[in-house]
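Here's the structure, in structure tokens; my notes come after.
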Amino acid sequence: VFNVPGAPAPQPAKPTGPQPLMSLGAWTWLVVLGGLTIAMFWHFLQRMGMIALNDADWSHALLVPLISIYFIQQRYDRLKKTPARIGFWGLPVVFIGLFSYAFWIEPGRNDMFQGYSLILTLLGLTLFTLGPGMLKHLWLPIIYLGFAVKVSNAIWNPLAAKLQMLAAQASTIVLQFFSSFMDLEATRSGTTISLSFMRDGAWITGQELNVAEACSGLRMLAAFMALGVLVAYMTPRAWWQRLTMVLMTVPIALLVNVGRVAILGLLYPINADM
């Protein structure tokens, strides 16, 4: 503290550069185990990619991994301040995920649960190689990948049929509301809406609009839920407000779809080509 005559002057501390996120050894383990994981699930990843490219109901899945990377980038400063360490509890989780994946290949034969097994394996791998501190910041980007996993047809098709009927019923009610002050009548039989209206001075009847499965709104619902989680993450609100935002994506998607079908019904008397 005191300057002693003849003593060498204290040297200023050398500036230190930014600390690496992980040591070279940790990066090596992560790359090796990550590469083996990709090789293990390669056929499943290819299959999901082909579904996203060819199935319009699941085209949003192509953006999901990019959003997960964005989540990680947003938490990079927190990750740098969190020491990486081995978390041995991650090994049982990895083994459960791998055995689950093998089971759902045969005899389970279910793509959806294969995808969820992949996500479980990634959670275990992250816990094992980086530790619980890192997992605290990385669990959301990993769980978010679930939006890229196609829901099983055993769940998707019955739900689509119910939403298809709901869209037809609600759209008919909307059209009947407009019929009170328009030359328009709307009735429904199943998922088919029958329209009668005035065009060019003539009363036209029996014009049918079929609410197809593609108009069920399920495609919109899946995309809205994925978008809702992203918006909730980017909004600086309390946790219960963010949860409400995510839950509100369900009625919003359904209402938007009903409005879309109803607008088509209102445009039909003006010009059927619309």
Side-chain angles (χ1 to χ4, degrees), residues 34 37-38 40-76 93 96-97 100-101 104-105 108 110-127 134-164 213-235 237 239-257:
T37 302
I38 292 175
M40 174 74 180
F41 295 96
W42 180 248
H43 290 293
F44 171 79
L45 296 174
Q46 278 187 318
R47 191 158 61 254
M48 289 297 103
M50 293 303 298
I51 290 175
L53 289 173
N54 298 308
D55 187 347
D57 289 342
W58 225 252
S59 57
H60 68 275
L62 296 173
L63 297 177
V64 170
L66 299 179
I67 297 176
S68 291
I69 294 175
Y70 169 77
F71 286 155
I72 296 175
Q73 190 272 333
Q74 289 295 305
R75 300 184 176 202
Y76 186 74
V93 180
I96 292 173
S100 174
Y101 178 70
W104 291 113
I105 293 177
N110 189 296
D111 285 346
M112 182 179 71
F113 287 112
Q114 289 179 39
Y116 296 156
S117 299
L118 166 59
I119 293 173
L120 181 62
T121 304
L122 289 177
L123 287 171
L125 184 63
T126 303
L127 176 60
M134 287 281 196
L135 184 62
K136 180 181 177 181
H137 303 301
L138 294 174
W139 69 268
L140 177 60
I142 297 174
I143 294 294
Y144 191 81
L145 294 174
F147 286 112
V149 179
K150 187 180 185 305
V151 176
S152 173
N153 289 334
I155 300 175
W156 184 271
N157 293 338
L159 184 57
K162 292 182 179 179
L163 293 181
Q164 181 182 358
E213 183 178 350
C215 296
S216 66
L218 192 54
R219 177 193 311 177
M220 192 178 298
L221 176 60
F224 268 42
M225 291 183 67
L227 181 63
V229 174
L230 173 62
V231 174
Y233 171 81
M234 296 176 62
T235 305
R237 300 285 183 179
W239 69 267
W240 63 268
Q241 292 175 314
R242 296 187 181 192
L243 179 61
T244 302
M245 292 175 65
V246 175
L247 296 178
M248 283 297 294
T249 60
V250 177
I252 289 174
L254 297 179
L255 288 174
V256 168
N257 185 60

ask   = Which heavy atom in P65 sits nearest to a heavy atom in L145, and how many Å separate them?
value = CA-CD2, 4.0 Å

Within residues 151-162 or reaching into it, pairs that qualify as salt bridge (charged side-chain N to carboxylate O under 4.0 Å, His left out) - sequence neighbours excluded = none

note = Hits for ring pair (Phe, Tyr, Trp, His ring centres under 6.0 Å) against W156, two or more places apart or cross-chain, chain-then-number order -> W58

task = Enter the distance from I72:CD1 to Q74:CD here, rounded to the nearest 0.5 Å.
result = 11.5 Å

request  = Output all residues satisfying side-chain contact (heavy atoms from CB on, under 4.5 Å) with I155, sequence neighbours left out; order by chain, then residue number.
outcome  = M112, V151

request  = Locate the shortest heavy-atom distance separating P158 from N153; write the atom from each residue and the value.
outcome  = CD-O, 3.6 Å

ask   = What pairs with R75 under salt bridge (Lys or Arg N to Asp or Glu O under 4.0 Å), at least two apart in sequence or on another chain?
value = none

request  = Identify, with sequence neighbours excluded, every residue that meets side-chain contact (heavy atoms from CB on, under 4.5 Å) alongside I67.
outcome  = F71, Y144, L230

Expected list for residues 214-226: side-chain donor-acceptor pairs under 3.5 angstrom, two or more places apart:
from: S216; atom 1: OG; to: E213; atom 2: O; distance (Å): 3.0
from: S216; atom 1: OG; to: L218; atom 2: N; distance (Å): 3.3
from: R219; atom 1: NE; to: D57; atom 2: OD1; distance (Å): 2.9
from: R219; atom 1: NH2; to: D57; atom 2: OD1; distance (Å): 3.2

Anything under 3.5 Å between a donor and an acceptor, one on a side chain of residues 115-123, the other on a protein residue two or more places apart or in another chain? List them.
from: S117; atom 1: OG; to: S100; atom 2: OG; distance (Å): 2.7
from: S117; atom 1: OG; to: F113; atom 2: O; distance (Å): 2.7
from: T121; atom 1: OG1; to: S117; atom 2: O; distance (Å): 2.8

ask   = What pairs meet the salt bridge (charged side-chain N to carboxylate O under 4.0 Å, His left out) rule with one or both residues in residues 136-157, with sequence neighbours excluded?
value = none

query = By salt bridge (Lys or Arg N to Asp or Glu O under 4.0 Å), which residues pair with R47, not counting sequence neighbours?
reply = D111

note = Correct closest heavy-atom pair for A52 and A61 would be CB-CB, 4.1 Å

key: I51 side, atom CD1; S59 side, atom OG - distance, nearest 0.5 Å   = 12.5 Å

task = Could you tell me whether the side chain of N54 and the main chain of M50 form a donor-acceptor pair under 3.5 Å?
result = yes

Pairs under 3.5 angstrom only: tabulate donor-acceptor contacts from the side chains of residues 242-250 to other protein residues two or more places apart or in another chain.
from: R242; atom 1: NE; to: A232; atom 2: O; distance (Å): 3.4
from: R242; atom 1: NE; to: T235; atom 2: O; distance (Å): 3.0
from: R242; atom 1: NE; to: R237; atom 2: O; distance (Å): 3.2
from: R242; atom 1: NH2; to: T235; atom 2: O; distance (Å): 3.0
from: T244; atom 1: OG1; to: W240; atom 2: O; distance (Å): 2.8
from: T249; atom 1: OG1; to: V246; atom 2: O; distance (Å): 2.5

ask   = If you measure from CD1 on I105 to NE2 on H43, what distance do you get to the nearest 0.5 Å?
value = 9.0 Å

note = Hits for side chain to side chain donor-acceptor pair (under 3.5 Å) against H60, two or more places apart or cross-chain, chain-then-number order -> none

query = Hey, does M48 have a side-chain heavy atom less than 4.5 Å from the side chain of F41?
reply = no

